[in-house]
Amino acid sequence: MITNVSIVGVWVKDIDDAKKFYTEVLGFAPKDDITLGEGYRWCTVVHPDQPELALNLQVPGPPLSGTLADAIRRELDAGTMHAAGLDVDDCRKTYEELSAEGVEFLQPPAERPYGVEALARDSSGNTLVLVEKRAYTAQDFEDA
């Protein structure tokens, strides 16, 4: 029986840059950073309040086919990949803090039926969705 989600992959252009961004800018903690056979690097970070869920920072390459790895690299370059949704206590405050750190935002905080949402980019161009959640019903979407 499945009991939990423990690892989510995030495609990145450079593992060292991504690790620095997620740890030094977003406040995640480093977990694993191991080079395995044939130069494959297993690098994970975790949020301190959710250590059971690791983000595996990985560059497109083997064991993917060259065609798929190239396609992922093109999408990273185009900024069309999605990394993660992140819960925040105060979306506007987080927006101000991360903007001051130089984080690029695609969308400033905006009211949504489910809370306040902002869209940012990580160091590889992946979209991060920051959400200050609030209770909602299906009716809230019909009224929006």
Side-chain angles (χ1 to χ4, degrees), residues 1-34 36 40-144:
M1 164 133 343
I2 296 170
T3 61
N4 197 0
V5 175
S6 61
I7 300 169
V8 175
V10 176
W11 296 112
V12 300
K13 294 178 182 181
D14 180 278
I15 291 175
D16 291 322
D17 287 344
K19 183 179 177 182
K20 183 176 180 179
F21 177 84
Y22 279 87
T23 59
E24 295 181 16
V25 176
L26 298 184
F28 282 66
K31 186 170 185 239
D32 300 309
D33 196 342
I34 305 163
L36 303 170
Y40 178 78
R41 187 169 171 192
W42 178 259
C43 182
T44 60
V45 296
V46 297
H47 189 277
D49 294 336
Q50 195 178 16
E52 72 279 5
L53 177 59
L55 298 182
N56 176 25
L57 307 175
Q58 52 191 335
V59 294
L64 301 178
S65 71
T67 302
L68 181 55
D70 289 343
I72 293 169
R73 282 190 285 274
R74 282 192 305 273
E75 294 305 312
L76 283 170
D77 288 341
T80 56
M81 298 290 283
H82 183 276
L86 305 172
D87 290 348
V88 298
D89 292 328
D90 183 329
C91 193
R92 288 174 180 83
K93 180 179 179 185
T94 302
Y95 170 80
E96 294 299 328
E97 292 170 348
L98 292 179
S99 292
E101 291 284 331
V103 174
E104 175 190 358
F105 276 83
L106 303 170
Q107 170 195 297
E111 293 289 332
R112 302 285 184 246
Y114 46 84
V116 181
E117 174 190 83
L119 301 178
R121 289 208 190 279
D122 72 6
S123 59
S124 294
N126 291 303
T127 302
L128 298 169
V129 181
L130 286 71
V131 178
E132 176 187 335
K133 291 182 181 178
R134 71 170 155 253
Y136 62 88
T137 66
Q139 183 66 39
D140 295 324
F141 287 86
E142 294 171 12
D143 296 339

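Predicted model, so just to flag it, every value in this text is computed and none were measured. Quick note: residue numbers are just sequence positions, from 1.
Under a 4.0 Å N-O distance rule, the pair Arg73/Asp70 qualifies as a salt bridge. The existence of a salt bridge linking Arg41 and Asp16 is confirmed by a sub-4.0 Å separation between a basic side-chain nitrogen and an acidic carboxylate oxygen.
Using a 4.5 Å heavy-atom threshold, the side chains of Trp42 and Asn56 count as touching. Side chains of Leu128 and Val103 form no contact here, defined as non-hydrogen atoms less than 4.5 Å apart. Contact annotation: the side chain of His47 never approaches that of Leu53 to less than 4.5 Å [non-hydrogen atoms, C-beta and beyond]. For the pair Val45/Leu26, no side-chain contact is recorded, criterion being any heavy-atom separation below 4.5 Å from C-beta on.
Considering every non-hydrogen atom in both Asn126 and Trp11, the closest pair reads ND2-O, 2.8 Å. Between Ala29 and Pro48 the shortest heavy-atom distance is N-CD, 4.4 Å.
Within 6.0 Å of OH on Tyr40 lie more than 12 heavy atoms contributed by other residues, nucleotides or ligands.
Here the side chain of Arg92 pairs no donor or acceptor atom with the backbone of Pro109 at under 3.5 angstrom. For the pair Asp122 (side chain) and Ser124 (backbone), a donor-acceptor distance under 3.5 Å is present.
Every side-chain contact (heavy atoms from CB on, under 4.5 Å) that Glu132 has, sequence neighbours left out, goes to Val88, Asp90, Cys91, Val116.
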